[in-house]
Amino acid sequence: QVQLVESGGGLVQAGGSLRLSCAASGRTSSYAMGWFRQAPGKERDFVATIGTSSANTLYADSVKGRFTISRDNAKNTVSLQMNSLKPEDTADYYCAAKVDRLRGIYAYTRDYDYWGQGTRVTVSA
């Protein structure tokens, strides 16, 4: 089992950058990790994921080229570097972990087993 805690959210102007971090209480090496976001009044949407192999990543079209997901299994952390932020990026961002021994990649909320409580990102125009 894994407990996840996100940090790094805050207020930023459009065009700015933020780096989100997710700290896990347990080892992450056997987990695919993902970032999702939920804007006010909307469903939780996929942002990015990274497999047990760091070379295996997938991004939502809306963030491709602007966001970068990375992981450090030695530190049990996963990060999301967010550049060129837009007002539509405003949301609560959640870190998630999925038990995976097959080196898969997952982009749906239903795939994930554990979730953090979220960190808020607000991008002003």
Straight-line distance of R19 CZ to S7 OG, nearest 0.5 Å: 9.5 Å
From NZ (K98) to OG1 (T49), nearest 0.5 Å: 10.0 Å
V5 with M33, same ILVMFWY side-chain cluster at under 4.5 Å: no
Sidechain-backbone polar pair: T52 side chain, S29 backbone, donor-acceptor under 3.5 Å: no
Distance (rounded to the nearest 0.5 Å) between Y59 OH and T68 OG1: 4.5 Å
Name of the residue among L4, V2, T109 meeting side-chain contact (heavy atoms from CB on, under 4.5 Å) with W115: T109
Lys/Arg-Asp/Glu bridge criterion (N-O < 4.0 Å) met for D92, R120: yes
Donor-acceptor contact below 3.5 Å, side chain T90 vs main chain T122: no
Neighbour count above 12 (heavy atom, 6.0 Å) for Q13 CD: no
Polar side chain donor-acceptor pair, Y106 to D100, under 3.5 angstrom: yes
Where A91 and A39 come nearest, the two heavy atoms and their spacing: CB-N, 3.7 Å
Validation row: Q81, S17 side chains within 4.5 angstrom (heavy atoms): yes
Single-linkage hydrophobic cluster, 4.5 Å side-chain cutoff, V78 and Y93 together: yes
K86 with D89: basic N within carboxylate O range, under 4.0 Å: no
Side-chain donor/acceptor of R44 to backbone N/O of Q38, under 3.5 Å: no
N73-T28 side chain donor-acceptor pair, cut-off 3.5 Å: yes
Joint hydrophobic cluster, Y114 plus L80, side-chain heavy atoms closer than 4.5 Å: yes
Validation row: R71, I69 side chains within 4.5 angstrom (heavy atoms): no
Approximate separation, where rounding is to 0.5 Å, of L20 CG and T119 OG1: 6.0 Å
Nearest heavy-atom neighbours spanning G118 and E6: N-OE1, 2.8 Å
Where C22 and W35 come nearest, the two heavy atoms and their spacing: CB-CZ2, 3.7 Å
Nearest heavy atoms of P87 and A14, plus distance in Å: CD-CB, 4.1 Å
Parallel, tilted or perpendicular: rings of F36 and Y112 (30°, 60°): perpendicular
Cluster check F46, I105: I/L/V/M/F/W/Y, side chain < 4.5 angstrom: yes
Shared hydrophobic cluster for V63 and Y94 (ILVMFWY, side-chain gaps under 4.5 Å): no
Rounded distance [0.5 Å steps], CD in E88 versus CZ in R37: 8.0 Å
Sub-4.5 Å side-chain heavy-atom contact between V47 and F67: yes
